[in-house]
Amino acid sequence: MAMVWLEQFLVKYPELAVFLSISIGYMIGGVKVKGFSLGPVTGSLFAGILIGQFAHVPIAGMAKSFLFLLFLFGIGYSVGPQFLQALKRDGLKPVLLAVVVCVTGLLTAIVIARALGLDPGFAAGLVSGALTESPAMGTATEAINALPLMEDERARLVAHVAVADAVCYVFGAVGVIMFCSVVGPKLLGIDLAAEALKLEEELGIKRTAAGVTSAWHRFELRSYRIAEGSPVAGLSIAAAEAKLPEHRLFIQRVRRGERIIEATPDLVLSPGDVVAVSGRRETLVEILGQRAAEVEDRELLDIPVSVADVLVTNKEIDGRSIGDAAKEDWTRSLYLRAITRGSQELPLAPGISVQRGDILRLVGPEAVVSRAAKKVGVIIAPTTATDFFVLGLAIFLGGLVGVFVTIPVGDMRISLSTSVGTLLAGLVVGHLRTRFPLFGRIPDGAVSLMTALGLAAFVAMTGLHAGPIFFTAIAEAGVGLLFGGMVVTMMPLIVGLYVGRYLLGMNPILLLGGLAGAQTMTAGMAAVQERSGSPVAVLGYTPAVPIGHILLTTWGTVIVGIIAG
């Protein structure tokens, strides 16, 4: 009786069925088995399918499209600042790798779909599930709805997309994780930990002992008294700081008797002076702590310190290494706490290059940070306001372009679609932020909500729609769909591995990170980081992942057009 009531309730209030699917989906997606989890998006798909087994929940097509377009714009907006930079310099190899992997994945899916006689819906789900790119379900759905078919047939094909995605996704995710962290290294004959250590040494990354805070993450200001006979007594501040240039210790203020003097490069230090020194915590403890007496001087240390996130927009900074920039006069007393590229935090080392669109977290005296921000780009001030004028107009114009732009594929002309047009619009707006930082501002929290809720709700509704015919459709597709999905997952990884290593000559750690990025599988990169004991795989992942998002999302439209043609 209770189940009958619940069914009638969910059918009457379909919007509540969607929220229930999202809730259950996040619960399912959060369950880990030996470190692997489905994730909230696939969890929401399975939750929708589960609820759809006993409740035929009506789904509004406009609601699905609205949420999916928000998601696509958010994704484009997020990767936009790094997209063009990914096409330059040392990011070119991961970009080419991503193109090879994505194109191989599409061609393999077409061959498998033809061999198994799959309809456009099953073929599209094969792509989205096996290549772990759930947004391809949305572009495929739009392409199917544009086919000249009866409404019932289009609805059946759309349901098949969700069914095939659900069948193929689990191996798709596990396959990428295992290949990047276990199979790939064995095929290359490498030791992940040793290769990561070698790359770290090339980049200048220094590992610290357990329990010691990283030099790039914690900085302090301490006061020390200059003793008679000290090596710095009688030296100017500039000369004293130059004695240990690699440690970047800076004198901020000097107490001489009762007076506090602001530090200038030509000020000469005298025995008895108390100096306020800024630097890395472990350096102050292990080096100065052994050579000078630390004193407590609250007044001397009362210096305004600023922490600011700065968006890199200056072309003079673009491409420079951290180590090179640290030698400039304007970086005196300035410390870099973190560098974020896309949504990933990069390891900090002198050999890491800064790119336009990166976000640098700078720490130092307020005046120093303010001066440095003008050299680097602009400070990203926290905002809670979303520029809805730009957001709405960009999605409209992107969708407009998507409708009217067509791509010739053989004898057919495939529309770019409103979905891909919106993704590209987000990409353009995101890129323009690096040129005009006040243009189209959207808070990080709002972007996160657009991408997380937009996609989870879309796939939940897709699952609800597919639920009533799920098992019938699986019986129709047969076990061949599962094994076909395995081939589609593995083939681009194998091709990409050998092309990346022997044709592009990529470093193996960056190659494995790039493979995970090409299939937009963050968990694959995390597995490489875990087994190598190093974060450096992210340097291959970040240039590849925006290319993977764009191409794999577009493949949903392409494969429907090819299989239906």
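All of these numbers come straight from a predicted model, not from anything done at the bench. We use all heavy atoms of the structure for the numbers below, so side chains are in, but hydrogens, waters and symmetry mates are not. Starting from 1, each residue takes its place in the sequence as its number.
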Kindly give the heavy-atom pair with the smallest separation between [X] and [Y], and that separation in Å.
X: Asp119; Y: His160; value: OD2-ND1, 2.7 Å
X: Ala457; Y: Leu67; value: CB-CD1, 3.5 Å
X: Cys168; Y: Ala130; value: CB-N, 3.7 Å
X: Val161; Y: Ala124; value: CG2-CB, 4.1 Å
X: Ile49; Y: Ala166; value: CD1-CB, 4.0 Å
X: Thr104; Y: Pro492; value: CG2-CA, 3.7 Å

Determine whether [X] and [Y] make a side-chain contact, defined as any pair of heavy atoms from C-beta on separated by less than 4.5 Å.
X: Phe179; Y: Leu497; result: yes
X: Asp309; Y: Leu360; result: no
X: Val127; Y: Met137; result: no
X: Pro135; Y: Ile75; result: no
X: Val429; Y: Phe73; result: yes
X: Val182; Y: Ile177; result: no

Heavy-atom donor-acceptor pair, [X] side chain to [Y] backbone, under 3.5 Å:
X: Arg320; Y: Ser353; value: no
X: Thr139; Y: Thr553; value: yes
X: Asn314; Y: Gly377; value: no
X: Trp555; Y: Gly105; value: no
X: Lys93; Y: Met506; value: no
X: Ser321; Y: Asp324; value: yes
X: Gln529; Y: Pro535; value: yes

Practice problem: Check the pair Leu515, Val101 against side chain to side chain contact (heavy atoms under 4.5 Å, CB included), reporting the backbone distance first and the verdict last. | Solution: CA-CA 7 Å; Leu515 289 175; Val101 169; 3.8 Å; yes
Exercise. Test Val376 against Trp330 for side chain to side chain contact (heavy atoms under 4.5 Å, CB included), laying out the working first.
Key: CA-CA 10 Å; Val376 174; Trp330 57 269; 3.9 Å; yes
Exercise. Answer yes or no: does atom CE of Met491 have more than 12 heavy-atom neighbours from other residues, nucleotides or ligands under 6.0 Å?
Key: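 Not buried by this count: 12 neighbours or fewer within 6.0 Å.
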If only side-chain N and O atoms count, and only distance matters, is there a donor-acceptor pair under 3.5 Å linking [Y] with [X]?
X: Tyr335; Y: Ser278; value: yes
X: Thr451; Y: Tyr77; value: no
X: Glu142; Y: Ser419; value: yes
X: Ser181; Y: Glu530; value: no

Self-check item: side-chain hydrogen bond (donor to acceptor under 3.5 Å, both in side chains) evaluation trace for Thr520 with Glu133
Solution: CA-CA 7 Å; Thr520 65; Glu133 183 68 1; 2.7 Å; yes
Practice problem: Decide yes or no on side chain to side chain contact (heavy atoms under 4.5 Å, CB included) for Leu362 and Val307, but give the supporting numbers first. | Solution: CA-CA 6 Å; Leu362 303 179; Val307 180; over 6 Å; no
Quiz item: In Å and rounded to the nearest 0.5 Å, what is the CG to CD distance from Leu334 to Glu328?
Solution: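 Nearest 0.5 Å value for the CG-CD distance: 12.0 Å.
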Quiz item: Out of curiosity, Thr132 OG1 to Met521 CE, how far, rounded to the nearest 0.5 Å?
Solution: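 One gets 4.0 Å once the value is rounded to the nearest 0.5 Å.
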Quiz item: Between Leu118 and Ile563, does a side chain to side chain contact (heavy atoms under 4.5 Å, CB included) hold up when you go through it step by step?
Solution: CA-CA 8 Å; Leu118 301 180; Ile563 299 301; 5.9 Å; no
Quiz prompt | Trace of the side-chain hydrogen bond (donor to acceptor under 3.5 Å, both in side chains) decision for Tyr169 with Ser128 | solution = CA-CA 8 Å; Tyr169 182 87; Ser128 65; over 6 Å; no
Quiz item: Can you tell which of Ile359, Ile339, Asp358, Val378 makes a side-chain contact (heavy atoms from CB on, under 4.5 Å) with Val312?
Solution: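 The residue from Ile359, Ile339, Asp358, Val378 that satisfies side-chain contact (heavy atoms from CB on, under 4.5 Å) with Val312 turns out to be Asp358.
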